[in-house]
Amino acid sequence: MSPAYRAVKGTRDLLPPESEKYAAVESIARQVFGGYGYGEIRTPILESTELFSRSVGETTDIVHKEMYTFLDRKGRSLTLRPENTAGVVRAALERGIDRMPRPLRLWYAGEQFRYERPQKGRYREFRQIGAEMIGVPGSASDAEVLVMLFDFLQRLGFIDLSVTLNCVPGGAGREAFADALRSHVRPRARRLGEDDRRRVEENPLRLFDSKDPETKAVLEGAPTTVEFLDPEAASHYAEVKEFLRESGIPFTESPALVRGLDYYTVTVFEVVSKSLGAQNAILGGGRYDNLFADLGGPPLPAVGFAIGEDRLVEVLPGDPREPRELWYVLPGSPEDFPYAMAVARALRSGHAGAVVETDLSGRGFAKGFTRASAILAGDADYPFRVSEVRVVSVGSQERAEQTVKIKTLSARREEAVPLAALTRRSRT
RNA sequence: GUGGGUGUAGCUCAGCCGGUUAGAGCGCCAGACUGUGGAUCUGGAUGUCGAGGGUUCGAAUCCCUCCACUCACCCCA
């Protein structure tokens with residue numbers, strides 16, 4: 001109950017069957033994203049601290065108070081990555097993106113770290129699955145990214161999710177918008193709570209995230225981000241919406257959607273789920289046309305998203321694991337173990353993709369069948385989703401005859417099969 | 001960083017106005033059934049009652065401190 005060592009706060013162990021669901025989600029991401037020409041990128045978990053303060057934004061909470069930062073033995077400041085886009089951009093620059101084919105399409109899946117108080121759907125170590133399309137300025141790239149995202153969510157069984165969309169001005173327009181927002185709010189600042197009053201000066205865009213009804217009332221009639229887009233960005237944003245309508249991607253616009261990372265320009269979007277409690281965003285993304293230049297590279301346009309894998313798995317409408325057939329090799333007694341293992345190896349070579357598990361508990365036939373039946377019925381702790389169980393009985397009699405008895409549990413039918421036939425796919 | 005809730009068996013929890021050897025369900029193991037099924041019945045194992053201190057003849061129960069987990073705020077995936 002109180003072990004000597006426990007997982008560090010905000011981190012957790014993923015065991016079967018949970019871990020198998022994560023693997024299945026990642027495998028579906030690989031299939032869907034790969035189908036759009038995205039290859040996987042794996043970047044280091046550790047980066048120099050400055051990469052994040054430059055990209056994510058000096059004033060954001062992530063950089064301000066949520067990073068796992070430490071000095072290494074040579075006194076360099078390193079940080080456990082709080083998000084993955086900065087690392088992808090850094091890698092692209094470092095590996096000479098100007099000599100790579102464009103657009104460069106990359107996806108990733110991996111652990112991220114933020115030092116926050118854990119709560120439902122929020123952990124200090126969490127996983128994100130994301131994708132970045134680099135090098136295409138046009139609205140078609142925003143649209144393709146969103147269409148791909150939707151394909152992915154549909155493959156996972158989500159049917160009525162809707163994307164929330166907005167635009168954020170980059171560069172000078174962003175400052176102009178912040179000023180206009182301050183001017184609107186300041187006369188009414190008395191009505192705001194302490195936190196929100198502080199935000200007016202420090203980071204007024206954050207006011208839109210406030211859950212305080214008073215704050216929401218104050219924001220009625222406030223200036224909107226669209227008004228501060230330059231003409232080019234405005235038509236880009238209009239084109240994205242047109243693309244989405246033509247692709248049949250359901251979306252709603254919300255002027256209150258302002259993403260927390262500083263590097264977004266023009267398009268921003270997110271998807272929320274009702275069943276997640278307070279931490280309800282399952283993914284977010286947008287266009288970041290200035291980030292490459294901000295990090296000292298050429299001015300490359302890019303667009304991407306990040307999905308909170310832990311939150312995604314939590315609200316999955318179905319089971320992402322492919323159902324598998326289980327061949328349950330059941331020895332009558334420990335004397336049959338060597339023969340049972342030979343049988344199991346033969347089965348594995350003849351039935352790729354199936355689970356071939358040998359019961360080494362020595363519990364005997366009656367108990368073994370009970371266990372096999374429980375797995376077929378959906379034993380909650382079994383790692384895999386099982387579509388059918390075939391109990392392969394191997395006792396002294398079978399050993400002597402060099403045969404096995406195969407019983408298909410759902411059909412309650414059993415037949416004797418010679419050992420030599422197991423390496424070939426047998427009929428069901 | 002701030003506030004609330006909860007810590008008792010592998011899991012879910014009861015017991016908490018102090019009173020003998022600390023309980024239930026589920027799960028696990030064994031038997032009924034020495035070679036064939038999710039059932040049933042019988043039996044069994046498993047606990048530093050989160051930790052430390054205090055009050056008391058006596059503490060899972062009352063008090064204090066600490067720790068952990070959890071939900072919410074802040075913020076985000």
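All figures in this text were calculated on a predicted structure; none of them were measured in a lab. Only heavy atoms go into these numbers, but all of them, side chains included; no hydrogens, no water, no symmetry mates. Chain letters run A, B, ... following the sequence lines, proteins first and then strands; every chain starts at 1.
- Nucleotides A9(B) and C49(B) place their P atoms 10 Å apart, quoted to the nearest Å.
- Contact annotation: Lys367(A) side-chain N/O to C33(B) OP1/OP2 distance is not under 4.0 Å.
- When both distances must be under 3.5 Å, the Watson-Crick or G-U wobble mate of A14(B) does not exist.
- Nucleotide C73(B): paired with G1(B) (Watson-Crick or G-U wobble, both distances less than 3.5 Å).
- A cation-pi arrangement is found for Arg324(A) relative to Phe384(A), the charged atom lying closer than 6.0 Å to the ring centre and inside a 45° cone about the ring normal.
- Residue Lys405(A) is in base contact, counting any heavy-atom pair closer than 4.0 Å across all strands shown.
- If Phe369(A) and Pro118(A) are placed on RNA chain B by their nearest nucleotide, the residue sitting closer to the 5' end is Phe369(A).
- Remark: C62(B) base-pairs with G54(B); criterion is Watson-Crick or G-U wobble with both hydrogen-bond distances under 3.5 Å.
- Side-chain proximity of Leu261(A) to C76(B), U36(B), C69(B): nearest is C76(B).
- If you check every strand for non-hydrogen atoms under 4.0 Å, Ile282(A) touches sugar and phosphate atoms only.
- Taking atom CG of residue Leu149(A) and atom P of nucleotide A77(B), one finds them 14 Å apart after rounding to whole Å.
- When rounded to the nearest whole Å, the span between CD1 of Ile406(A) and P of G35(B) equals 21 Å.
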Verdict with supporting geometry, Arg81(A) and Glu47(A), salt bridge (charged side-chain N to carboxylate O under 4.0 Å, His left out): CA-CA 7 Å; Arg81(A) 63 184 182 201; Glu47(A) 298 273 4; over 6 Å; no

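- Using atom P as the reference point in both A32(B) and U70(B), the two lie 45 Å apart (nearest Å).
- Within 4.0 Å (heavy atoms only), Glu125(A) reaches no atom of the nucleic acid at all.
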Full working for side-chain contact (heavy atoms from CB on, under 4.5 Å) between Leu283(A) and Ile129(A): CA-CA 9 Å; Leu283(A) 68 90; Ile129(A) 298 175; over 6 Å; no

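- Here, G3(B) and U8(B) have their C1' atoms 27 Å apart, quoted to the whole Å.
- Side-chain contact of Thr85(A) with Glu132(A): a donor-acceptor pair under 3.5 Å is present, judged by distance alone.
- Among the nucleotides C76(B), C29(B), G35(B), the one closest to any side-chain atom of Ser393(A) is G35(B).
- The shortest distance between side-chain heavy atoms of Glu26(A) and Glu309(A) falls below 4.5 Å.
- A donor and an acceptor atom never sit less than 3.5 Å apart when one is taken from the side chain of Gln279(A) and the other from the base of A72(B).
- Geometrically, Arg12(A) engages Tyr123(A) in a cation-pi contact defined by less than 6.0 Å to the ring centre and at most 45° from the axis.
- Gln119(A) has no side-chain polar atom (N or O) that falls below the 4.0 Å cut-off from OP1 or OP2 of C71(B).
- For Gln397(A) and G35(B), the shortest distance from a side-chain N or O to OP1 or OP2 is not below 4.0 Å.
- Summarising the base pairing, G7(B) is matched to C67(B) through a Watson-Crick or G-U wobble pair whose two defining distances lie under 3.5 Å.
- In the set G35(B), U36(B), A72(B), the nucleotide with an atom closest to the side chain of Lys120(A) is A72(B).
- Following rounding to the nearest Å, Glu83(A) (CD) and A77(B) (C1') show an atom-to-atom distance of 11 Å.
- C17(B) and U40(B) are spaced 36 Å apart, taking the P atom of each and rounding to whole Å.
- G31(B) is paired with C41(B) under the Watson-Crick or G-U wobble criterion, all donor-acceptor distances under 3.5 Å.
- U20(B) and A60(B) are spaced 10 Å apart, taking the P atom of each and rounding to whole Å.
- Residues Asp310(A) and Gly332(A) each lie close to RNA chain B; by heavy-atom proximity, the contact nearer the 5' end of the strand is made by Gly332(A).
- Using a 4.0 Å heavy-atom distance criterion, Gly130(A) is classed as making no nucleic acid contact.
- Side-chain N/O atoms of Ser396(A) and Glu335(A) include no donor and acceptor closer than 3.5 Å.
- Under a cutoff of 6.0 Å and an axis angle of 45°, Arg124(A) and Phe113(A) do not form a cation-pi pair.
- When both distances must be under 3.5 Å, the Watson-Crick or G-U wobble mate of U20(B) does not exist.
- At C28(B), none of the side-chain N or O atoms of Arg371(A) fall inside 4.0 Å of OP1 or OP2 (strictly under the cut-off).
- Looking at the side chain of Ala366(A), the nearest of the listed nucleotides U36(B), C69(B), G3(B) is U36(B).
- Where stacking is scored as ring centres under 5.5 Å apart with planes under 30°, Phe365(A) registers as stacked on the base of G35(B).
- Residue Glu414(A) is classed as a base contact, given a heavy-atom separation below 4.0 Å to a base.
- Here the nucleotide nearest the side chain of Arg117(A), chosen from C73(B), C69(B), G37(B), is C73(B).
- A straight line from OH of Tyr123(A) to P of A72(B) spans 11 Å, rounded to a whole angstrom.
- A pairwise comparison of heavy atoms in Leu316(A) and Val25(A) identifies CD2-CG2, 3.9 Å as the closest pair.
- Contact check, Arg122(A) against A77(B): no side-chain N or O comes under 4.0 Å of OP1 or OP2.
- Ser396(A) comes within 4.0 angstrom of a nucleotide base, judged by non-hydrogen atoms across all strands.
- Val404(A) is listed as a side-chain neighbour of Tyr339(A), based on a closest heavy-atom distance under 4.5 Å.
- When distances run from any side-chain atom of Lys65(A) to the nucleotides C74(B), A77(B), C69(B), the shortest one goes to C74(B).
- Atom CG of Asp381(A) and atom C1' of G27(B) are 9 Å apart (whole Å).
- A gap of 23 Å separates the P atoms of G10(B) and U6(B), to the nearest Å.
- Taking 3.5 Å as the limit, the base of A68(B) and the side chain of Arg6(A) contain no donor-acceptor pair of atoms between them.
- One donor-acceptor pair, N or O on each side, does fall under 3.5 Å between the base of G35(B) and the side chain of Glu398(A).
- Between the CG atom of Asp61(A) and the P atom of A77(B) there is a distance of 12 Å, rounded to whole Å.
- Of the P atoms belonging to C74(B) and G18(B), the separation is 43 Å, rounded to the nearest Å.
- With C69(B), A77(B), A72(B) as the choices, the nucleotide that has an atom nearest any side-chain atom of Phe126(A) turns out to be A77(B).
- Asp209(A) comes within 4.0 angstrom of the backbone, heavy atoms only, and of no base.
- C76(B) atom P lies 11 Å from atom CG of Leu257(A), rounded to whole Å.
- A gap of 43 Å separates the C1' atoms of U36(B) and G15(B), to the nearest Å.
- Residue-level contact check: Gly395(A) touches the bases, meaning some heavy atom is under 4.0 Å from a base atom.
- Rounded to whole Å, atom C1' of C11(B) lies 13 Å from atom CG of Asp379(A).
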